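Just so it is clear, the values below take in all heavy atoms, side chains as well, and ignore hydrogens, waters and symmetry mates. Not measured: the values here are computed from a predicted model.
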Amino acid sequence: MSVAVSAKEAGVKRFIFASSVAAYGSSKTDAVETDELRPTTIYGECKKYAENEVLTVIPTATIVRSASVCGYSPHQRLDLTVNMMVHDAVRNGIITVNGGEQKRSHIHIQDICDAYKLLLTTSKDWVAGQVFNFVAENQTVSETAKSVAKVFSDRYVQIVTKPRSDDRSYTVDGNKARIHLGFAPKKSVDDAIYDLKVKFDSGYWTDS
């Protein structure tokens, strides 16, 4: 809130807020930008609250509801589905899947960077007050595990399935970004898995 107020007072003409698909909450259908936000986690609640606060202060702000970002980063997050599975495959040779039919949405880090660049270079009037989902693929957790194991064809990786501990499914529709902005992801989940594998195999490591 204080950032939005400061931006308004400073005369900032373009404000983009990084929200998340978690703001939608769990759904059996691909969420679109006009759907009611029904978050099921504290993180999602915070994103919903922040969206409302930002738009109250700056009605022309652009809201980005991003899918989970996957792929290599210098400041690597390993608590996201794709990244965590690759880390576990490298370190333990085992990918643990709890349930597996739950769905998650993903986008490659290079694509989300391109998306933000597009929002910065597109006419501000065209994106003012708009909400956009940015997503490349919606997959079940089991599908993602199988993709990781497939990319790791040079070694044995076991997929261990355990009882479901989380029933939430996050899937979103990215058609608005495609139609309104001409945004089309160039990278797949498999690309993210491969990028991470190359980094880990080259000696990159983290326990964070």
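Side-chain contact, Lys176 with Gln130: a donor N or O sits under 3.5 Å from an acceptor N or O. The closest side-chain donor-acceptor pair between Asn175 and His180, if any, does not fall under 3.5 angstrom. A donor and an acceptor atom, one from each side chain of Ser19 and Glu51, are located under 3.5 Å apart. Side-chain contact of Asn133 with Tyr24: a donor-acceptor pair under 3.5 Å is present, judged by distance alone.
You'll find the side chain of Leu196 stays beyond 4.5 Å of the side chain of His87, heavy atoms only. A heavy-atom distance below 4.5 Å is not found between the side chains of Val157 and Ile94.
Between Thr29 and Thr171 the shortest heavy-atom distance is O-OG1, 3.2 Å.
Atom CZ of Arg38 has 12 or fewer heavy atoms from other residues, nucleotides or ligands within 6.0 Å. Residue Ile42 qualifies as open at atom CD1: its count of foreign heavy atoms under 6.0 Å is 12 or below. Heavy atoms from other residues, nucleotides or ligands lying under 6.0 Å from OH of Tyr116 number more than 12.
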I'd like a table of donor-acceptor pairs (distance under 3.5 Å, sequence neighbours excluded) in which one partner is a side-chain atom from residues 181-188, with atom names and distances.
from	atom 1	to	atom 2	distance (Å)
Ser188	OG	Asp190	N	3.4
Ser188	OG	Asp191	N	3.1
Ser188	OG	Asp191	OD2	3.2

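No path of Ile, Leu, Val, Met, Phe, Trp and Tyr side chains, each step under 4.5 Å between heavy atoms, connects Ile107 with Val141, placing them in separate hydrophobic clusters.
A salt bridge is defined here as a Lys NZ or Arg NE, NH1 or NH2 lying under 4.0 Å from an Asp or Glu carboxylate O, and Asp35 with Arg65 fails to meet this definition. Looking at Asp125 and Arg14, no side-chain N of the basic residue comes within less than 4.0 Å of a carboxylate O on the acidic one, giving no salt bridge.
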